Enquirer: 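One structure coming up, written as structure tokens, with questions to follow.
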Amino acid sequence: MTELVWFRNDLRLADNAALTAACARSKPVKACFLVTPGQWQEHDWSSARVQFVLEHANVLARQLAKLGITLSFLYADTFAESLDKLEAFCKQHQIAGLHFNEEYGINERRRDKQAHDRLSALGIRVAKYRDQTVAPVGQILTQQNEPYSVFTPFSRRWRSWIEETQPTLYPAPSSMGPEVEAEQTDTLPAPFKDAPNPLVANGEDAAHQQLDNFLEERAKGYKDNRDFPAVDGTSQLSPYLANGVLSGRQCLIAARQSGISGDGIETWINEIAWRDFYVNILYHYPRVSVHRAFKPETEALVWNEPGEHFEAWKEGRTGIPIVDAAMRQLKTTGWMHNRLRMITAMFLTKNLFIDWRLGEAWFMQNLVDGFLASNNGGWQWSASTGTDAAPYFRVFNPVTQSERFDPTGEFIRQWVPELAKLDNKRIHEPSKGGVIPKGYPRPIVDLKESRKEAIARFQALKD
DNA sequence: GTTCGATTGAG
DNA sequence: TCAATCGAA
């Protein structure tokens, strides 16, 4: 009788609850990965992400093969069809027990429930593991046993849970049998083409090297440097985390074991907490995964028609240099610096007053690290429709942000070469006091007026 | 029940 | 200053 590990958003050998449990149970162990392009497209997966995931699945297949575990690729279009494939696979290989780590999007939960019901009916044990976050999802609750809707108290509770529990890593499995030949999936399925060049190196080993390198080189200065897009101040681990090549738990434990102390590392650990926080929000408030606002009253907002403004935003020709630089970075590399995600999201929702859902989808369609919980959480935060939202009257001024976080215009110059010759002052707002370089647009919206209008629309919600 | 601290700023 | 809101005390 065979145990089967179903890999999904957890493409790693080390610190993987489902894999460890399956290998501890009995031999032999098999593994599978379901290739579902239609579902990925429906979920706005980017080409960059699909490429990243499939390449990492191939790396995983080779690692597992060395341990005597075959990872089989099962092809189906949607989640619904994939369950037929999974069921057939289980019958064909006489699977006794299925193991997987939970995912928390609403379609994923529905799929997992159906998988559980169908396979249980065949007499197969179905074991699921709550492994996506450092503290198991649903563990961190207020004193009234309610989910937190504000980050700071959540993070305090989260930190004390870690102190009390001292989480440890699941060991990577040892050999389960003689080496087998690794199956490999071929290149990008049909809807996903023209992925940008990979931003980060392939494989679990590369992920750990990058984590170690971050801790050695940049963690201490993280708090001071992380907001400057021209500075290499962040960990850039998000593609690995979003797709489970690394776990948040591995990051946390590596940070603690590094012996580094101080504001830098603690600020970074807070980012791991943000990730857990938003996964919990997705879990406790399923409405956010069907494009509904966390704050229901904000559903009454009437957003502008997207039109030409939305096109200009997507393509990086809004006439606001920091916004355009950021949007071009996203489209070209599949990644955007976090400070810029806030600036561009705030600009779309508060200055252009375009529905946050459109921005959320565009980010997903382009990001290599697109992760429903964090992307939705971040967008709703920016749009003031979400948890712990910035008060609606607090609207970033993108020019001010640009002056503060890209003071020499280095980042703008990199992505908006039309403006490269402007001096450090003018580059943030070329329309002010001088001739705009040829080929660069005037601002498509008046920042001051649009800010006032947005605040008024939010104010009107309360009346 | 009420106060109080805190909240990835801007004008 | 502006100013909303949650959670803890």
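Just so we're clear, the structure is a prediction, and the values are computed from it rather than from any experiment. The chains referred to below are lettered A, B, ... by the order of the sequence lines, with proteins before strands, and numbering in each begins at 1.
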Enquirer: Return the set of residues passing side-chain hydrogen bond (donor to acceptor under 3.5 Å, both in side chains) with A:Arg157 (not counting sequence neighbours), or none when no residue passes.
Expert: A:Ser160

Enquirer: Can you tell me how far P of C:dA3 sits from OH of A:Tyr392, to the nearest Å?
Expert: 7 Å

Enquirer: Show me the pairs that pass side-chain hydrogen bond (donor to acceptor under 3.5 Å, both in side chains) and involve residues 425-444 of chain A, at least two apart or across chains.
Expert: A:Asp324-A:Tyr440, A:Ser402-A:His428

Enquirer: Go through the structure and list residues passing salt bridge (Lys or Arg N to Asp or Glu O under 4.0 Å) with A:Arg292, not counting sequence neighbours.
Expert: A:Glu299

Enquirer: What about A:Phe7 and A:Phe33, are their ring centers closer than 6.0 Å?
Expert: no

Enquirer: Among all residues two or more places apart in sequence or in another chain, which pass the side-chain contact (heavy atoms from CB on, under 4.5 Å) test with A:Thr332?
Expert: A:Trp415

Enquirer: Going by atom type alone, with no hydrogens or angles, which donor-acceptor pairs under 3.5 Å involve a side-chain atom of residues 189-203 of chain A and a protein atom two or more places apart or on another chain?
Expert:
{"unit_1": "A:Lys193", "atom_1": "NZ", "unit_2": "A:Leu188", "atom_2": "O", "d": "3.3"}
{"unit_1": "A:Asn202", "atom_1": "ND2", "unit_2": "A:Glu55", "atom_2": "OE1", "d": "3.0"}

Enquirer: Round to the nearest Å and state the distance from A:Leu141 atom CG to C:dA8 atom C1'.
Expert: 16 Å

Enquirer: Would you kindly give the CD-to-P distance between A:Gln144 and C:dC6, to the nearest whole Å?
Expert: 13 Å

Enquirer: Please report the distance separating the P of C:dT1 from the corresponding atom of B:dT8, rounded so that it comes out in whole Å.
Expert: 22 Å

Enquirer: Looking at C:dG7, I'd like to know if its phosphate oxygens (OP1 or OP2) sit under 4.0 Å from a side-chain N or O belonging to A:Ser149.
Expert: yes

Enquirer: State which residues pass ring pair (Phe, Tyr, Trp, His ring centres under 6.0 Å) with A:Trp381; sequence neighbours excluded, sorted by chain then number.
Expert: none

Enquirer: Could you tell me how far apart A:Lys295 (NZ) and C:dC6 (P) are, to the nearest whole angstrom?
Expert: 7 Å

Enquirer: Return one dot-bracket line describing DNA chain C 5' to 3' (Watson-Crick or G-U wobble pairs, both distances under 3.5 Å; ( ) same strand, [ ] crossing, | another strand, . none).
Expert: ||.||||||

Enquirer: Could you tabulate the donor-acceptor pairs under 3.5 Å formed by side-chain atoms of residues 253-264 of chain A, not counting sequence neighbours?
Expert:
{"unit_1": "A:Arg256", "atom_1": "NH1", "unit_2": "A:Glu266", "atom_2": "OE2", "d": "3.0"}
{"unit_1": "A:Ser258", "atom_1": "OG", "unit_2": "A:Ala255", "atom_2": "O", "d": "2.6"}
{"unit_1": "A:Ser258", "atom_1": "OG", "unit_2": "A:Ile260", "atom_2": "N", "d": "3.2"}

Enquirer: Enumerate the protein-to-nucleotides 6-11 of chain B contacts in which both atoms are nitrogen or oxygen and the separation is below 3.5 Å.
Expert:
{"unit_1": "B:dG9", "atom_1": "OP2", "unit_2": "A:Arg394", "atom_2": "NH1", "d": "3.0"}
{"unit_1": "B:dA10", "atom_1": "OP1", "unit_2": "A:Asn397", "atom_2": "N", "d": "3.0"}
{"unit_1": "B:dA10", "atom_1": "OP1", "unit_2": "A:Gln401", "atom_2": "NE2", "d": "3.2"}
{"unit_1": "B:dA10", "atom_1": "OP2", "unit_2": "A:Arg404", "atom_2": "NH2", "d": "2.9"}
{"unit_1": "B:dG11", "atom_1": "OP2", "unit_2": "A:Asn397", "atom_2": "ND2", "d": "3.4"}

Enquirer: To the nearest Å, how far apart are A:Phe277 CZ and C:dC6 P?
Expert: 12 Å

